[in-house]
*Asks:* 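This structure is in structure tokens; I'll ask about it shortly.
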Amino acid sequence: MSSLLQSTSFQVKHQWSIPPASDIEIGDREVHVWRVRVVEEITRRDRWRALLSDDERERADRFKFQRDRDRFTVVRGILRTLLGQYLGREPRQVKFVYGEYGKPELAAPLEDHPLQFNLSHSGDMALIAFSQEKAVGVDIEQMRADYPCEDIVRRFFSPNEREQFNQFPDALKPQAFFHCWTRKEAFVKALGGGMAGVPLDQFTVEFRRDRPAALLQTNWVADASQNWSFQDLQAHPEYAAAVAIAACEVNWQYWDWGLAPQ
């Protein structure tokens, strides 16, 4: 991995903490983000698979490669475990419905529960975010020096973002791209849409190194930036990650699944 993709110059410094041993409570305007090192859970794949619904097992089995089946199984099993802790339910009792673009949400009889959640995984890492009532989205991407960053920026980013991107030295452009991309994806996922539902060039995020992550503007609501909070996540030196929530003055909590009592 190129050293230029191992810098944390874009990321907020924070600590991943030991999770509480008892039931987890989440307050208003709180976001809980859980870091999962998927590769460390592969040996327990059978345990996680046992928690999945029949349709989730069928979905896992459709992946061509074993590593992809394992990653899906681990992340869904841990998601169900965490939802069970937040909701006071057995993990197998949690049921999902899916939005137009595939975002999972709680199904009956919990469809009116205020708990919101979102998950993302890339390579050997995953992030799962939770909030009360407020829409939340999270994204993580394994950074690659050979990714066609400039072409994607030219095709999909807003004019302001293209201008910001072009101000970076060439050596930092791949890292800048991934940090912008994860912020944009976290926002889109919080809205519940895919790229078709929320075109990426119709809103702008801040990703200059001297300023915190933020929503700058959208093309559909004049003051949308005042109603959203963003945070970069330092999940791993080789990954970029971000979380977005439709709330201001947020209290962020960072939990490391690997430190939880198993």
*Asks:* Remaining members of F72's ILVMFWY cluster at a side-chain heavy-atom cut-off under 4.5 Å?
*Replies:*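 Result for F72 is F63.
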*Asks:* Just to verify, what does D55 make a side-chain hydrogen bond (donor to acceptor under 3.5 Å, both in side chains) with, not counting sequence neighbours?
*Replies:*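 D55 satisfies side-chain hydrogen bond (donor to acceptor under 3.5 Å, both in side chains) with S53 once adjacent residues are dropped.
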*Asks:* Rounded to the nearest 0.5 Å, what's the gap from CG on L115 to CG on L110? Could you check?
*Replies:*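 Going from the CG atom of L115 to the CG atom of L110 covers 9.5 Å.
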*Asks:* Evaluate the ring planes of W228 and F230, with Trp represented by its six-membered ring, and classify them as parallel (under 30°), tilted (30 to 60°) or perpendicular (over 60°).
*Replies:*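 Because their plane-to-plane angle lies in the 30° to 60° range, the rings of W228 and F230 count as tilted.
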*Asks:* Once salt bridge (charged side-chain N to carboxylate O under 4.0 Å, His left out) is applied, do any residues pair with D151, and if so which ones, sequence neighbours excluded?
*Replies:*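 In terms of salt bridge (charged side-chain N to carboxylate O under 4.0 Å, His left out), with neighbours along the sequence ignored, D151 is linked to R154, R155.
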*Asks:* Checking salt bridge (charged side-chain N to carboxylate O under 4.0 Å, His left out) for the pair D46/R49: CA distance, chi angles, key distance, verdict?
*Replies:* CA-CA 5 Å; D46 291 343; R49 184 177 174 87; over 6 Å; no
*Asks:* Can you find a pair of side-chain heavy atoms, one from F117 and one from L106, that are under 4.5 Å apart?
*Replies:*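 The answer is yes; the side chains approach within 4.5 Å.
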*Asks:* Using side-chain heavy atoms (C-beta onward) and a distance below 4.5 Å, is H113 in contact with Y86?
*Replies:*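 H113 vs Y86: side chains apart.
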*Asks:* Are the side chains of E185 and L200 in touch, meaning some heavy atoms are under 4.5 Å apart?
*Replies:*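 Of all side-chain heavy-atom pairs linking L200 with E185, at least one is under 4.5 Å.
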*Asks:* Can you name the nearest heavy-atom pair linking C149 to P174, along with the distance?
*Replies:*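 Closest approach of C149 to P174: SG-CA, 3.9 Å.
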*Asks:* Working to the nearest 0.5 angstrom, can you tell me the gap between F178 CZ and Q142 CD?
*Replies:*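 CD of Q142 is found 9.0 Å from CZ of F178.
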*Asks:* By side-chain contact (heavy atoms from CB on, under 4.5 Å), which residues pair with T218, not counting sequence neighbours?
*Replies:*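 F187, F203, L215, W220, V221, A224.
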*Asks:* To the nearest 0.5 angstrom, please state how far the CG atom of D70 sits from the CZ atom of F65.
*Replies:*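 It is 13.0 Å, given to the nearest 0.5 Å.
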*Asks:* Do V75 and W48 come within less than 4.5 Å of each other through their side chains, counting heavy atoms only?
*Replies:*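 Heavy-atom side-chain distance check fails, nothing below 4.5 Å.
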*Asks:* I need the H121 NE2 to L79 CG distance, nearest 0.5 Å.
*Replies:*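 One finds 10.5 Å between NE2 of H121 and CG of L79.
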*Asks:* Side chains of residues 131-139: which donor-acceptor partners sit under 3.5 Å, not counting sequence neighbours?
*Replies:*
from: S131; atom 1: OG; to: K134; atom 2: O; distance (Å): 2.5
from: Q132; atom 1: NE2; to: I26; atom 2: O; distance (Å): 3.2
from: D139; atom 1: OD1; to: S120; atom 2: OG; distance (Å): 3.4

*Asks:* Classify the ring geometry between F165 and F168 as parallel (under 30°), tilted (30 to 60°) or perpendicular (over 60°).
*Replies:*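 Plane angle between 30° and 60°, so tilted.
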*Asks:* Compare every heavy atom of R29 with every heavy atom of C248, then report the nearest pair and how far apart it is.
*Replies:*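 Where C248 meets R29 most closely, the heavy atoms are O-NH1, 2.9 Å.
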*Asks:* At their closest point, which heavy atom of M125 faces which heavy atom of A235, and how far apart are they?
*Replies:*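 Here M125 and A235 meet closest at CE-O, 3.6 Å.
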*Asks:* Only counting residues at least two apart or in another chain, list the ones meeting side-chain hydrogen bond (donor to acceptor under 3.5 Å, both in side chains) with N166.
*Replies:*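 N166: no side-chain hydrogen bond (donor to acceptor under 3.5 Å, both in side chains) contacts found.
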*Asks:* Between Y147 and E141, do the side chains contain an N or O donor and an N or O acceptor separated by less than 3.5 Å?
*Replies:*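 No.
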*Asks:* Are any non-hydrogen side-chain atoms of D232 and R183 less than 4.5 angstrom apart?
*Replies:*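 In contact.
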*Asks:* Just to verify, what does Q202 make a side-chain hydrogen bond (donor to acceptor under 3.5 Å, both in side chains) with, not counting sequence neighbours?
*Replies:*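 Partners of Q202 by the side-chain hydrogen bond (donor to acceptor under 3.5 Å, both in side chains) criterion, ordered by chain and then number, come out as N219.
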*Asks:* Do you know which two heavy atoms are closest between R80 and L51, and how far apart they sit?
*Replies:*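 What the structure gives for the nearest pair is CD-O, 3.2 Å.
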*Asks:* Take L82 and W257, measure what side-chain contact (heavy atoms from CB on, under 4.5 Å) needs, and give me the verdict at the end.
*Replies:* CA-CA 10 Å; L82 289 172; W257 173 262; 3.8 Å; yes
*Asks:* In plain terms, say whether D68 and R71 are close enough for a salt bridge, that is, a side-chain N and a carboxylate O under 4.0 Å apart.
*Replies:*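 Counted as a salt bridge, because a side-chain N and a carboxylate O are separated by less than 4.0 Å.
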*Asks:* Apply the side chain to side chain donor-acceptor pair (under 3.5 Å) test between N160 and each candidate in Q164, R162, E163; give the one that qualifies.
*Replies:*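 Exactly one candidate clears the test, Q164.
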*Asks:* Give the minimum heavy-atom separation between A247 and V250, together with the two atoms involved.
*Replies:*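 Taking A247 first and V250 second, the nearest heavy atoms are O-CG2, 3.8 Å.
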*Asks:* Count the heavy atoms belonging to other residues, nucleotides or ligands that lie under 6.0 Å from CD of Q66, then report whether that count exceeds 12.
*Replies:*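 Yes, the 6.0 Å shell around CD holds more than 12 heavy atoms from other groups.
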*Asks:* Report the residues that fulfil side-chain hydrogen bond (donor to acceptor under 3.5 Å, both in side chains) with Q217, sequence neighbours left out, ordered by chain and then residue number.
*Replies:*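 Scan of Q217 (side-chain hydrogen bond (donor to acceptor under 3.5 Å, both in side chains), adjacent residues dropped) gives T204.
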*Asks:* At what distance, to the nearest 0.5 angstrom, does CG of D61 lie from CD of E56?
*Replies:*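 Reported value, rounded in 0.5 Å steps: 12.0 Å.
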*Asks:* Would the distance check show the side chain of Y239 and the main-chain N or O of D124 forming a donor-acceptor pair, the cut-off being under 3.5 Å?
*Replies:*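 Looks like yes, one N/O pair under 3.5 Å.
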*Asks:* Could you tell me how the ring of W255 sits relative to the ring of W34: parallel (under 30°), tilted (30 to 60°) or perpendicular (over 60°)?
*Replies:*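 Correct class here is tilted.
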*Asks:* Is it true that atom CD1 of I18 has more than 12 heavy atoms of other residues, nucleotides or ligands lying nearer than 6.0 Å?
*Replies:*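 Atom CD1 in I18 is not crowded, with 12 or fewer foreign heavy atoms closer than 6.0 Å.
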*Asks:* Do you know the tightest heavy-atom contact between A244 and A190?
*Replies:*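 It is O-CB, 4.1 Å.
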*Asks:* Not counting sequence neighbours, which residues clear salt bridge (charged side-chain N to carboxylate O under 4.0 Å, His left out) with D256? List them please.
*Replies:*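 R35, R37.
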*Asks:* Is a side-chain N or O of H14 found less than 3.5 angstrom from the main chain of Q234, in a donor-acceptor match?
*Replies:*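 Here the side-chain-to-backbone pair exists.
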*Asks:* Give the table of side-chain donor-acceptor pairs shorter than 3.5 Å for residues 87-98, with sequence neighbours excluded, one pair per line with atom names and distance.
*Replies:*
from: R92; atom 1: NH1; to: L52; atom 2: O; distance (Å): 2.1
from: Q93; atom 1: OE1; to: E90; atom 2: N; distance (Å): 3.3
from: Y98; atom 1: OH; to: R76; atom 2: NH1; distance (Å): 3.1

*Asks:* Could you tell me which residues satisfy salt bridge (charged side-chain N to carboxylate O under 4.0 Å, His left out) with K184, sequence neighbours excluded, listed by chain and number?
*Replies:*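 Scan of K184 (salt bridge (charged side-chain N to carboxylate O under 4.0 Å, His left out), adjacent residues dropped) gives E161.
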*Asks:* Hey, could you give me the CZ/CG distance between F207 and L216, rounded to the nearest 0.5 Å?
*Replies:*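 Separation between the atoms: 10.0 Å.
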*Asks:* Please check if the number of heavy atoms outside E111 that lie under 6.0 Å from its CD is greater than 12.
*Replies:*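 Counting neighbours around CD of E111, more than 12 heavy atoms of other residues, nucleotides or ligands fall under 6.0 Å, so yes.
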*Asks:* State which residues pass salt bridge (charged side-chain N to carboxylate O under 4.0 Å, His left out) with E206; sequence neighbours excluded, sorted by chain then number.
*Replies:*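 Salt bridge (charged side-chain N to carboxylate O under 4.0 Å, His left out) list for E206, sorted by chain: R208, R211.
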*Asks:* Going by heavy atoms in the side chains, are W252 and V243 under 4.5 Å from each other?
*Replies:*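 Side chain of W252 against side chain of V243, heavy atoms only: contact under 4.5 Å found.
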